[in-house]
Number of protein chains: 2
Amino acid sequence: MDLFLTGSSGLPIYRQLFDQLCAQILDGRLKSGDALPPIRAVAKELSISVIPVKRAWEELEAAGFIESFVGRGCFIAPMSAEKLQRLKASMAADKLSDAAAYCRSLGLSLAEAERLLSDAWASPGE
Amino acid sequence: MDLFLTGSSGLPIYRQLFDQLCAQILDGRLKSGDALPPIRAVAKELSISVIPVKRAWEELEAAGFIESFVGRGCFIAPMSAEKLQRLKASMAADKLSDAAAYCRSLGLSLAEAERLLSDAWASPGE
DNA sequence: GATATTGTGCATATTCAATGTACACAATAA
DNA sequence: TTATTGTGTACATTGAATATGCACAATATC
């Protein structure tokens, strides 16, 4: 369970954690039934309080990604491979649709946007 | 000058206004020398206080997009067509790079991402 | 010069993220 | 059965960011 925080992103801690867990579930690193680390352990590891961790877990539960049980822990919720696939595609589509709308509003052509996308794909770092 | 606010975006008011103005300048709807409406007028139109409007204008000024003069108003700053073009490309690249990173983190291939992008391009509405 | 219009600054209220601490429930060991 | 440990949960508080209202200063208009 590798989690990290970047102060530079501007996003609140609970949001960063949510995003990372979400990604790990969607890409298969975390599977149905897997136990999440206790929120205290995560908090200690990241040198933060339990609250943002708790909140991230809460939102993951509300989104149906995990289930939590008092005294036992939190676990990745069961989800069919098909649903997982559909969710993944839909979330990626949302993000790209957003970017597409933005590029269109700037007057770019689809070809230009595709060019920029593949450029970004090649050099993820910068 | 059409401006609007969406409570659903989660973004602060001043940020929404900044983004919209920015887009209108970049796509040419607003040109060098054009006068912006007085911040009070915008505030009244949107039924908000002047502060978020002021702040949006401030950040636009800091970014070099507009110039403000006490008693006279605010105006789109002069900017060469080349610079405008470069800025546009760079902002589009940022947005796409972000989306690209997200899609990669989900384990998508470039081809899949490109497919989703062109789909989104075709049907902007949904 | 008088007045209206414009951007600016300051004190205040509100919202939200994060902290610390105390509580409630479940599993295990004695 | 009881005590202990490990787990998620709830509450009161702090601090920062956002938004409000009103007063101020500079410019334009008459």
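Below, chains carry the letters A, B, ... as their sequence lines are ordered, and counting in each starts from 1.
Here the C1' atom of nucleotide dT8(C) and the CD1 atom of I66(B) are 14 Å apart, to the nearest Å. A straight line from CD of E58(B) to P of dT8(C) spans 7 Å, rounded to a whole angstrom. As a whole-Å value, the separation of L36(B) CG from dT6(C) C1' is 13 Å. Here dA10(D) presents its C1' atom at 19 Å from CH2 of W57(A), a figure rounded to the nearest Å. Per the geometry, CD1 belonging to I51(A) stands 14 Å off P belonging to dA12(D), to the nearest Å. Atom C1' of nucleotide dC22(D) and atom NZ of K54(B) are separated by 15 Å, given to the nearest angstrom. The distance between atom NZ of K44(B) and atom P of dG7(C), rounded to the nearest whole Å, is 15 Å. Atom-to-atom, CD of E59(B) to P of dT8(C) comes out at 13 Å; the value is rounded to the nearest Å.
Comparing R55(A) and S68(B) by the nucleotide of DNA chain C whose heavy atom lies nearest to each, the residue mapping closer to the 5' end is S68(B). In this structure, G71(A) and C74(B) both approach DNA chain C, and ranking their closest nucleotides by distance from the 5' end singles out C74(B).
OP1 or OP2 of dA18(C) has not a single side-chain nitrogen or oxygen of Y14(A) nearer than 4.0 Å. An OP1 or OP2 oxygen of dA28(D) is reached within less than 4.0 angstrom by a side-chain nitrogen or oxygen of R72(B).
The existence of a salt bridge linking R86(B) and E82(B) is excluded, since no basic side-chain nitrogen approaches an acidic carboxylate oxygen closer than 4.0 Å. Checked for salt-bridge contact, R55(A) and E59(A) meet the test: a charged N lies under 4.0 Å from a carboxylate O. With respect to K95(B) and D98(A), a salt bridge is recorded, a charged nitrogen being found less than 4.0 Å from a carboxylate O.
Under a 3.5 Å cut-off, the side chain of Q24(A) and the backbone N or O of L3(A) do not form any donor-acceptor pair.
Here the CD1 atom belonging to I66(A) is positioned 10.5 Å from the CG atom belonging to L30(A), to the nearest 0.5 angstrom.
Side chain of P12(B), nearest nucleotide from dG7(C), dT9(D), dA19(D): dA19(D). Of the candidates dA25(D), dT19(C), dT7(D), the closest approach to any side-chain atom of V70(A) belongs to dT7(D).
Taking only distance into account, the side chain of R40(A) meets the base of dG8(D) through a donor-acceptor pair shorter than 3.5 Å.
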